Protein chains: 2
Amino acid sequence: MRVSTRFSDSIHLLAFIKIYAGSHLTSDLIASSIETSPVVVRRLMGKLRHAGLITTTAGTAQPVLAKPLTEISLLSIFYAVEGDKALFSVDTKTNPDCIVGGNIQTVLTQYYQEAQTAAEARLAKTSLQDIVDNILVEQAKKDVIK
Amino acid sequence: MRVSTRFSDSIHLLAFIKIYAGSHLTSDLIASSIETSPVVVRRLMGKLRHAGLITTTAGTAQPVLAKPLTEISLLSIFYAVEGDKALFSVDTKTNPDCIVGGNIQTVLTQYYQEAQTAAEARLAKTSLQDIVDNILVEQAKKDVIK
DNA sequence: ACTCCTGTAACTAGATTAATTACCGTGATT
DNA sequence: AATCACGGTAATTAATCTAGTTACAGGAGT
């Protein structure tokens, strides 16, 4: 896949830990839900651990959420696994001797930042609790149909 | 460069056409400002033409903006060259037999769309006129210092 | 006709992601 | 203590996308 699915997979991972808390949460089991490899899961867990979102113990299959669900926003997950990734990227190699090439970077950086901030503000409003709630609601819809 | 600079380069291109209107606007000249190849410029112009933002004539170095500057928003440029590109991408391959894997896509698609819409709303508020104005302001600052 | 230029296709090189393989160290169990 | 299951992490590979390059057909003006 071209565009990174780290963000999506991380949300998946965290929701999985919550919903299947108590199960034997090996990286293998989690990987089977995301349909990826256990190594990818462990790498994601490493980033989430560094960001203080989960705690893990080497050798023990028991990752635990480090905060209440309502205090884990989608934005904090995004920052944890995508770092300071820019949604829009400015071409940094333009001709400085041209009026346009010499100033476009400064101008675009500002507007791009505002657009990114708008998106991030929206991500900040949604918590892992909302995600888990919605997943269960969607599942309930399916169960009714059956 | 991994992340596409098509969007940035397209804004650059359009601003260049406006600011240097009247000059001999060959793809070579424009490319020298963006510091890319003439072919890349022509490819971008092709997309902008299809989107109705400029008009060009094969064989003649004279691209022209098809609308007033105030009616060309950053969002319309983004759509022209990035199509319906998703800023955040949902992992489409998850285990449907798992409560999380089977419902996460539906849930995330919704929240991702809202975040993208927020960013796009911000892009829609800025026009090429704003960009050109800002470029000239930045240039004026430099001229004063000299 | 000649020249300059656009419009495009085809190919190449570089970068990034995710998958894979491999190995070390931890922790629980016996 | 020995063993086994599992996390942590590095290195390699394959797939995908972007931009750069080369090449060439066709339009426009002299």
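Proteins come first, then strands; the chains are lettered A, B, ... in the order of their sequence lines, and each starts at number 1. Since we're looking at a predicted model, the values are computed, not measured.
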Using a heavy-atom cut-off of 4.0 Å across all strands, would you classify A:His24 as base, sugar-phosphate, or nothing? sugar-phosphate
Is any side-chain heavy atom of B:Ile104 closer than 4.5 Å to a side-chain heavy atom of A:Ile34?
no
Side-chain contact check for A:Val39: nearest option of C:dA22, D:dG7, C:dA18 is C:dA22
Quiz item: A:Arg43 side-chain donor-acceptor pair to D:dA10 base, under 3.5 Å: no
Side-chain atoms of A:Ala61 come closest, of D:dG7, D:dA19, C:dT20, to D:dG7
Here the distance between atom C1' of D:dA10 and atom CZ of A:Arg42, to the nearest Å, is 12 Å
Please determine whether a side-chain nitrogen or oxygen atom of B:Ser27 lies at a distance below 4.0 Å from atom OP1 or OP2 of C:dT6.
yes
- Does a nitrogen or oxygen in the side chain of B:Thr60 sit under 4.0 Å from OP1 or OP2 of D:dG27? no
**Asked** Distance check: side-chain N/O of B:Thr56 vs OP1/OP2 of C:dG7, anything under 4.0 Å?
**Response** yes
Nearest-nucleotide check on DNA chain C, A:Glu35 vs B:Thr26; residue mapping nearer the 5' end is B:Thr26
ask   = So what does A:Leu25 hit on the nucleic acid, given a heavy-atom distance under 4.0 Å: a base, only sugar-phosphate, or nothing?
value = sugar-phosphate
Notebook entry, point to check: Looking just at side-chain N and O atoms, do B:Thr5 and B:Asp9 make a donor-acceptor pair shorter than 3.5 Å?
Noted result: yes
Report task. Verify side-chain hydrogen bond (donor to acceptor under 3.5 Å, both in side chains) between B:Glu82 and B:Ser4, making sure each step is shown before the conclusion. Result -> CA-CA 9 Å; B:Glu82 296 287 358; B:Ser4 172; 3.0 Å; yes
Can you tell me if A:Tyr79 has over 12 outside heavy atoms packed within less than 6.0 Å of its OH?
no
